[in-house]
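Reading through the structure tokens given below for one structure.
The first residue in the sequence is number 1, and the count goes up from there.
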Amino acid sequence: MILELKVTLLYEEKPVWRRIRVDDRMSFLELHEVLQVAFDWTNSHLHHFMIYQSNGLENERSIGMEDDDPLYEDPSKLKEKDEIVGDWLNRVNDHAVYIYDFGDDWAHEIVVEHIYDHDESKVVPYCLEVMGTAPAEDSRGEVNDAGRIPNDELLKEINDLFSQGYHQTLGSYDSFFDPETEGEEVMEPSYDLIQLMKDLHKAAPWEVLHSDQVFAIDQQGFMVFVSVMGAAGMEKGLAIYPSMEGWRTLSSLFREDDEDYRYKQFAITATFNDRNDLDPIDYGLVKDTGISFRGKGRWPMFRSYEPGYIPWYINEHEESLVTFVVRHVLDVTKRIREGLEVIAPFETGYMYTRVAGDGFYEEHGVEITEFDRMLEEEQQSVENELLIKQLQSIPIVDDHIEFGGTYTRQPIVEKRGDRPFFGLIVAGYSKKSGLFLVNETYGPIPKPLALQDAFCKMVIEQNAMPAQVTVTHKDYEYLERFFKALPVKVRKVKEIGQFRMFGVL
């Protein structure tokens with residue numbers, strides 16, 4: 001069925017509403033995306049739906065976002081990606097409320113006004129009428145008439161965006177928040193890479209290599225570390241860790257129990273999946289090559305992981321690197337079947353390493369402590385000498401600061417088409433005054449820089465250097481050299497509970 005919805009922003013200053021035609025087969029997640037476009041929101045905040053009348057009867061139920069941390073998942077919560085709009089809103093006057101931004105609490109009342117039979121000639125979603133420009137994001141409801149757009153222009157703009165974000169036939173949806181040309185670059189994996197992935201699946205390296213049998217490729221000083229996935233029945237494919245930053249991720253994965261791992265990993269994955277697991281972009285990139293894939297767990301998919309960002313599509317440079325690595329994995333697999341032994345480095349202390357020579361690759365067993373040494377040499381000191389001297393001149397006060405940073409659990413999108421990232425919240429709590437002296441949210445910058453910036457702001461603004469600072473062991477790893485240059489006593493703990501008590505971290 002086709003639902004005609006009137007969606008009214010419950011906004012006291014001036015009337016703001018949209019009359020929208022949608023397919024009842026869409027999910028509430030897709031309806032969320034429709035409403036984001038219709039009201040010019042930026043998908044930067046949390047949201048949920050409340051059903052108040054369903055199938056003609058009162059029925060108060062909440063439908064919300066899926067928690068990205070399974071430890072906090074509420075099994076009783078209805079998830080918007082699983083719930084279909086037509087299962088809940090299917091009679092005239094059925095209604096719900098959509099809440100966006102739990103700070104500003106923008107409430108949108110959704111009412112079913114008409115229901116029509118499916119008609120392939122009708123484009124969905126489609127905006128029939130509009131009234132008023134929605135307030136600006138994070139405006140706290142303040143009115144700015146200068147930013148208002150005439151209703152006829154607004155209607156055209158919304159429908160232009162709908163046509164870009166969705167196929168114009170019933171029941172065929174693409175996400176509005178997939179990358180676009182004006183945002184992050186998305187690479188079309190070449191015919192060569194897709195064919196190599198088909199060859200890789202046939203070679204089945206997971207039959208002879210476990211994920212802990214990591215090996216390295218030294219291409220004239222540029223290091224790449226490769227782990228083959230799938231031997232233990234998990235998702236088949238490759239995890240590729242480029243450069244010494246990749247080694248940091250890999251060694252942390254095998255050596256530490258790091259709860260922030262997903263925010264810090266630096267890697268590329270090339271995996272094999274079911275056809276239904278691919279989103280429209282993944283599927284289109286494979287189909288465009290003309291190479292056929294049939295059967296479960298055979299379709300290639302590529303993802304880039306960078307610290308602070310959500311997984312994303314690979315770019316041109318990453319596509320070249322994956323192609324290079326797959327060729328090596330095919331050769332290593334062949335060599336293993338002929339008798340080569342690849343050892344597990346984090347058990348033995350040695351890693352099988354292929355070093356580029358004059359037209360060939362030499363094979364070595366390299367002590368993994370050598371890679372640790374290379375990482376240490378590559379790390380640049382982020383301290384600014386003049387700033388350190390300024391901090392050293394600030395008077396020491398009898399105060400104890402609990403200081404640390406953590407990532408937001410929900411990703412942030414600053415501009416449509418940009419790669420979403422996790423914000424980094426850094427806070428400093430004074431045990432003497434009982435106040436937070438700093439509480440900053442940073443974008444996707446290295447955590448050491450954010451921590452140091454926030455600490456410097458706190459000390460300089462207060463013109464007071466605390467005699468003692470408490471940080472977590474994890475954060476101290478980032479700040480060790482920084483704190484050693486300052487006249488403070490540092491106490492290291494597993495967790496700073498005071499922040500969670502006040503809801504800051």
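- In this structure, CD1 in Ile268 is found 10.5 Å from CZ in Phe302, a value given to the nearest 0.5 Å.
- Between Ser304 and Ile314 the shortest heavy-atom distance is N-CG2, 4.1 Å.
- Residues Asp282 and Arg303 are paired through a salt bridge, judged by an N-O separation under 4.0 Å between the basic side chain and the carboxylate.
- Between the CZ atom of Phe39 and the CG atom of Leu154 there is a distance of 9.5 Å, given to the nearest 0.5 Å.
- Of the possible polar contacts, one joining the Arg18 side chain to the Ala38 backbone as a donor-acceptor pair under 3.5 Å is found.
- Aromatic pair His48/Phe102: ring centres closer than 6.0 Å.
- Salt-bridge check for Asp152 with Lys156: failed, with every basic side-chain N at 4.0 Å or more from each acidic carboxylate O.
- Rounded to the nearest 0.5 angstrom, Leu5 CG and Ile110 CD1 are separated by 7.0 Å.
- Remark: Lys296 pairs with Asp274 by the side chain to side chain donor-acceptor pair (under 3.5 Å) rule, at least two apart or across chains.
- Atom CG of Asp105 sits in a crowded spot, with more than 12 heavy atoms from other residues, nucleotides or ligands closer than 6.0 Å.
- Ser252 contributes no side-chain N or O that, together with a main-chain N or O of Arg248, makes up a donor-acceptor pair within less than 3.5 Å.
- The aromatic ring centroids of His201 and Phe272 lie less than 6.0 Å from each other.
- Ring geometry for Trp106 against Trp41 counts as parallel: the plane angle stays under 30°, on a 0 to 90° scale with 60° as the upper cut.
- Few gaps surround CZ on Phe254; more than 12 heavy atoms of other groups in view lie less than 6.0 Å from it.
- In this structure, Asp94 has no salt bridge (charged side-chain N to carboxylate O under 4.0 Å, His left out) partners at least two apart in sequence or on a different chain.
- Between the side chain of Asp23 and the main chain of Ile2, no donor-acceptor pair closer than 3.5 Å is present.
- Using a 30° and 60° split on the angle between ring planes, Tyr100 and His45 fall in the perpendicular class, above 60°.
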